[in-house]
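FYI, side chains are in, hydrogens and waters are out, and symmetry mates aren't considered; it's all heavy atoms of this structure. In what follows, every chain begins at residue 1, and chains take the letters A, B, ... in the order their sequences are listed.
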Amino acid sequence: MLLRPLEPNSLAVESRALAQALIGCVLVSDAPEGRSAGRIVETEAYLPGDPACHAFIGKTGRNATLFGVPHRAYVYLIYGTSYCFNLASEADGVGAGVLVRALEPLHGVELMESRRGTRVLRDLCRGPGRLTQALGIGRGHDGANLFEGGRLWLAAPDRPPGRIRSSRRIGLTQAAARRLRYYEAGNPFVSGPRKLSPP
DNA sequence: AGGATGATCGTCT
DNA sequence: GACGATCATCCTC
């Protein structure tokens, strides 16, 4: 399978534009065990000054990469069990990011199955904690540059993305009404509700 | 030093 | 649909 590295500086910096631009792009993990990759089908934007954004409380040890240069990986542990993968967004110094919530498996399905402990294709990368486990992403990837051919990088879309829809973000207690979740319409690898939520 | 919290997942009913 | 696991992180003594 041909994977063409995404051109640096080709992605939007503004959080909502970035969240939409990432749909269809391919996230690639090159680990000692082999390559695994998936097509991004669902994202969420976390804006500057957004109470739901980890950066809202100010810069701390955990969230520092959200305040750094855009498009670096921000990875953190949630509920003591799962890692979430984000890209920092907005200008250097501004705390914001985009969470990647689901991938469509593209490459290295056997490796993903072994990491995930399931052979159900639809369950490999559907959900933020699942996709990080499938690709072997952990806290060690925090701060990674995704454009210099390292262990984790972004490739250009392998095909044009379908129509993008939006909805409320999932699992939030803060700012839950805002429609900052984006997903490819009709894609079975999208997590959570695939219908439009009420305005 | 101790307690509360959470952008989730898997299991059970 | 509901619930418990599990722990790094942050806040308050």
Looking at B/dA7, which nucleotide sits across from it as a Watson-Crick or G-U wobble partner, both distances under 3.5 angstrom, or is there none? none
Look at A/Arg139 and C/dT9 and indicate whether a side-chain polar atom (N or O) is within less than 4.0 Å of OP1 or OP2. yes
Nearest to the A/Asn86 side chain among B/dG10, B/dA7, B/dT8, which nucleotide is it? B/dA7
Distance check needed: C/dT12 P versus A/Ile57 CD1, whole Å only. 11 Å
Is there a side-chain polar atom (N or O) of A/Arg116 under 4.0 Å from OP1 or OP2 of B/dC9? no
Just N and O in the side chain of A/Arg181: are any of them under 4.0 Å from OP1 or OP2 of B/dA7? no
Under a 3.5 Å limit for both distances, which nucleotide forms a Watson-Crick or G-U wobble pair with C/dT6, could you say? none
Rounded to whole angstroms, how far apart are CG on A/Leu77 and P on B/dT8? 12 Å
In whole Å, what is the span from the OH atom of A/Tyr79 to the C1' atom of C/dT9? 14 Å
Atom pair distance, as rounded to whole Å: CG in A/Leu172 and P in B/dA7: 7 Å
Taking the six-membered ring of A/Tyr183 as reference, does the NZ or CZ atom of A/Arg165 fall below 6.0 Å from its centre and within a 45° cone about the axis? no
Fit a plane to each ring of A/His54 and A/Tyr74, take the angle between them on a 0 to 90° scale, and name the class: parallel (under 30°), tilted (30 to 60°) or perpendicular (over 60°). perpendicular
Hey, is A/Arg181 close enough to A/Glu42 for a salt bridge, meaning N to O under 4.0 Å? yes
Taking NZ, NE, NH1 and NH2 as the nitrogens, is one of them in A/Glu113 or A/Arg119 under 4.0 Å from a carboxylate oxygen of the other? yes
Are A/Leu99 and A/Leu172 co-members of a hydrophobic cluster defined by side-chain heavy atoms under 4.5 Å apart? yes
Between CD1 of A/Ile170 and C1' of B/dT8 the distance, given in whole Å, is 11 Å
Take A/Gly127 and A/Gln174, find for each the nucleotide of DNA chain B with the closest heavy atom, and name the residue whose nucleotide sits nearer the 5' end. A/Gln174
Starting from C1' on B/dT8, measure out to CZ on A/Arg126 and report it in whole angstrom. 13 Å
Using a 4.0 Å heavy-atom cut-off, does A/Arg62 contact any base of the nucleic acid, only the sugar-phosphate backbone, or nothing at all? sugar-phosphate
Let me know the distance between OH of A/Tyr74 and P of B/dA7, rounded to the nearest Å. 9 Å
Given that A/Thr60 and A/Gly80 both sit by DNA chain C, which one's nearest nucleotide is further toward the 5' end? A/Gly80
Please evaluate the base of B/dA7 for a donor-acceptor partner in the side chain of A/Tyr76 within a cut-off of under 3.5 Å? yes
Could you give the CD1-to-P distance, from A/Ile78 to C/dA8, as a whole number of Å? 14 Å
